[in-house]
Amino acid sequence: MPQSHLDTEEIPSTTGMTSTVAVTGGTGKIGPTVVAALQSAGYRVVNISRSGGETEADADLRADMTDAGEAYGAFATADADAIVHLGMLSTPDHDPGHVVFESNAMSTYNVLQAAEALDVDTVVLASSLSAVGASFEPEPIRLSYLPLDESHPVSPSNSYGMGKHVLEVTADGFAHRQNGPRTIASIRFPWMPTDEQMRETFDHADRTPDGVRESGHFETARNTVFAYLSQQDAAELVRLAVEADFEGHERFFASAPDTSADVPTEELVEAVYPDVECKREFEGYEALISTEKAKRMLGWEPERSWR
């Protein structure tokens, strides 16, 4: 049932009803999958997007998270018990740098400030592998060790990666505030394809290092440590983060259980990252990103593979 722009008369109070999760960017690339996962878990879901487009959510609102007043008004109208903030630009390729940075950094500040003012206890933020200094960087990724984990140094230089890094630092700050949200999770997502996109990308391609070089996508694959994550597994991680009971702000890496390369991981490291320290041996096609923290704190394990 689509709703109009910040009209408090159109969304009834949820007092005594199922908990409400407000999802910004519910019309985006992963938004519909997250909305569906939360609804399947029994939540009332309100989509909040700049487009105001209709979704399968229980209600739709139009608001821009880079505007502090609109952010506050949207969450107040939604009567949100938790917030999932996905509504940010997904790449730096089509907008000026300051717009990309603002979309990630300023929107997050506004979301967390509104959550604080409205006593929303739980906020889940869409960070990125780019926060480390990966993905859209013009130079090769600077790796101190493998597998990547949440303790790895960060060194982003492009507008998107810097915005994601500042997003996380902003969450640190709100976690230290007396009245800030009790639980804040920043999830460092890699590329998140649908099942169809995985088939189109992987099934008939040469996924050896030489094959990826010939395809013209080697720099991207190298700078994202050959990582990916199915949208269904990503949505399940978001749901578990919404239900988390830790206090403060925590960063979580997310990845499929394997790499996007069709060679064993030990061979991949030798071919692409020969000078990087490996903290342990890799088994089979194991991912180069550790998701042990998400498993330990949230009970999440990725299940889907392109293989």
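- Proximity of Ser230 to Pro302: side-chain heavy atoms (C-beta onward) are nowhere separated by under 4.5 Å.
- Side chains of Ser135 and Asn223: no donor on one and acceptor on the other come within 3.5 Å.
- Here the OG1-CG distance, from Thr24 to Asn110, works out to 11.5 Å after rounding to the nearest 0.5 Å.
- To the nearest 0.5 Å, the span separating CE on Met297 from CD on Glu292 amounts to 13.5 Å.
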* Could you please spell out the steps behind the side-chain contact (heavy atoms from CB on, under 4.5 Å) verdict for Val132 and His152? => CA-CA 8 Å; Val132 178; His152 192 281; 3.8 Å; yes
Can you list, pair by pair, the side-chain donor-acceptor contacts under 3.5 Å of residues 173-185, counting residues two or more places apart and other chains?
from, atom 1, to, atom 2, distance (Å)
Arg177, NE, Glu116, OE2, 3.1
Arg177, NH2, Glu116, OE1, 3.0
Arg182, NH1, Asp245, O, 3.2
Arg182, NH2, Asp245, O, 3.1
Thr183, OG1, Phe246, O, 2.5

* To do: Give the intermediate values and the outcome of side-chain contact (heavy atoms from CB on, under 4.5 Å) for residues Ser255 and Thr291.
  => CA-CA 7 Å; Ser255 172; Thr291 58; 4.2 Å; yes
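- Trp300 contributes atom CH2, which lies 11.5 Å from atom NZ of Lys295 (distance to the nearest 0.5 angstrom).
- When every heavy atom of Gly31 is checked against every heavy atom of Leu86, the shortest pair comes out as CA-CD1, 3.9 Å.
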* Apply salt bridge (charged side-chain N to carboxylate O under 4.0 Å, His left out) to the pair Asp172 and Arg251, showing each step before the final yes or no. => CA-CA 10 Å; Asp172 287 335; Arg251 297 160 173 81; 2.7 Å; yes
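- Judged purely by atom type and a 3.5 angstrom limit, Glu270 has no side-chain atom pairing as donor or acceptor with the backbone of Glu267.
- Annotation: side chain of Leu237 is in contact with side chain of Ile187 (closest heavy-atom distance under 4.5 Å).
- A distance-only check finds no donor-acceptor pair linking the side chain of Asp81 to the backbone of Ser19 [under 3.5 Å].
- A donor-acceptor distance shorter than 3.5 angstrom exists from the side chain of Ser103 to the backbone of Leu89, with no hydrogens or angles considered.
- Pairs engaging residues 125-144 under the ring-ring contact (aromatic ring centres under 6.0 Å, His included) rule: Phe136-Tyr160 [sequence neighbours left out].
- The side-chain hydrogen bond (donor to acceptor under 3.5 Å, both in side chains) check on Asn158 picks up Glu137, with sequence neighbours excluded.
- Between the OG1 atom of Thr170 and the NE2 atom of His165 there is a distance of 9.5 Å, given to the nearest 0.5 Å.
- Between the Arg142 side chain and the Ser155 main chain, a donor and an acceptor come within less than 3.5 Å of each other.
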* Trace of the side-chain contact (heavy atoms from CB on, under 4.5 Å) decision for Leu118 with Asp79 -> CA-CA 9 Å; Leu118 294 166; Asp79 196 12; over 6 Å; no
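- For Ser51, the side-chain hydrogen bond (donor to acceptor under 3.5 Å, both in side chains) partners two or more places apart in sequence, or in a different chain, are Ser49.
- Phe218 and Val276 fall within a single hydrophobic cluster, where Ile, Leu, Val, Met, Phe, Trp and Tyr side chains are chained together by heavy-atom contacts under 4.5 Å.
- Grouping Ile, Leu, Val, Met, Phe, Trp and Tyr residues whose side-chain heavy atoms lie under 4.5 Å apart, directly or via other members, leaves Tyr285 alone, with no other cluster members.
- Side-chain contact of His98 with Ser159: a donor-acceptor pair under 3.5 Å is absent, judged by distance alone.
- Within a 6.0 Å sphere centred on CZ of Arg213, other residues, nucleotides and ligands contribute more than 12 heavy atoms.
- For Ser186, the side-chain hydrogen bond (donor to acceptor under 3.5 Å, both in side chains) partners are His249, not counting sequence neighbours.
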For residues 122-129, run the donor-acceptor check on the side chains, cut-off 3.5 Å, and write out each pair with its distance to 0.1 Å, sequence neighbours left out.
from, atom 1, to, atom 2, distance (Å)
Ser127, OG, Glu168, OE2, 2.6
Ser128, OG, Ser130, N, 2.9
Ser128, OG, Ser130, OG, 3.3

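- Between Phe226 and Leu268 there is a side-chain heavy-atom pair separated by less than 4.5 Å.
- With sequence neighbours left out, Thr259 forms a side-chain hydrogen bond (donor to acceptor under 3.5 Å, both in side chains) with no residue at all.
- Using a 3.5 Å distance cut-off with no hydrogens or angles, the side chains of Glu243 and Tyr43 do pair a donor with an acceptor.
- Here Phe101 is tied into one hydrophobic group with Met162, Val166, each link being a pair of ILVMFWY side chains closer than 4.5 Å.
- Side chain of Gln231 to backbone of Met192: a donor-acceptor contact under 3.5 angstrom is found.
- Sorted pairs that involve residues 89-107 and meet salt bridge (charged side-chain N to carboxylate O under 4.0 Å, His left out), not counting sequence neighbours, are lacking altogether.
- A donor-acceptor pair under 3.5 Å is formed between the side chain of Thr208 and the backbone N or O of Gly211.
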* For Thr20 and Val45, what are the C-alpha separation, side-chain angles and deciding distance, and is it a side-chain contact (heavy atoms from CB on, under 4.5 Å)? -> CA-CA 6 Å; Thr20 294; Val45 181; over 6 Å; no
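- Here the closest non-hydrogen pair linking Ala234 and Ile30 is CB-CD1, 3.4 Å.
- Within a 6.0 Å sphere centred on CD of Glu56, heavy atoms belonging to other residues, nucleotides or ligands number 12 at most.
- Side-chain atoms of Asn47 never come within 3.5 Å of backbone atoms of Ala57 as a donor-acceptor pair (strictly under, hydrogens ignored).
- For Glu266 (side chain) and Phe282 (main-chain N/O), a donor-acceptor pair under 3.5 Å exists by modelled atom type.
- Looking at Asp60 and Val46, their side chains never come closer than 4.5 Å, going by heavy atoms from C-beta outward.
- Ring geometry, Phe202 versus Trp306: the interplanar angle falls from 30° to 60°, so the pair is classed tilted.
- Between Leu167 and Met88 there is a side-chain heavy-atom pair separated by less than 4.5 Å.
- Put simply, the side chain of Glu70 gets close to the backbone of Asp64: a donor and an acceptor are under 3.5 Å apart.
- The aromatic ring centroids of Phe253 and Phe189 lie 6.0 Å or more from each other.
- Put simply, the side chain of Thr108 reaches to within 4.5 Å of the side chain of His85, judged on heavy atoms.
- With rounding to the nearest 0.5 Å, the separation of CD1 in Ile289 from CG in Asp149 is 10.5 Å.
- Within the structure, the salt bridge (charged side-chain N to carboxylate O under 4.0 Å, His left out) test picks out the following pairs touching residues 215-237 (sequence neighbours left out): Asp233-Arg304, Glu236-Arg239.
- A pairwise comparison of heavy atoms in Ile83 and Ala80 identifies CG1-CB, 4.4 Å as the closest pair.
- Dense packing is recorded around NZ of Lys293, with more than 12 heavy atoms of other residues, nucleotides or ligands lying under 6.0 Å away.
- Not counting sequence neighbours, the partners of Ala114 by the side-chain contact (heavy atoms from CB on, under 4.5 Å) test are Tyr72, Phe75.
- With rounding to the nearest 0.5 Å, the separation of NE2 in His217 from OG1 in Thr201 is 8.5 Å.
- Annotation for Gly26 and Val35: closest pair CA-CG2, 4.3 Å, computed over non-hydrogen atoms.
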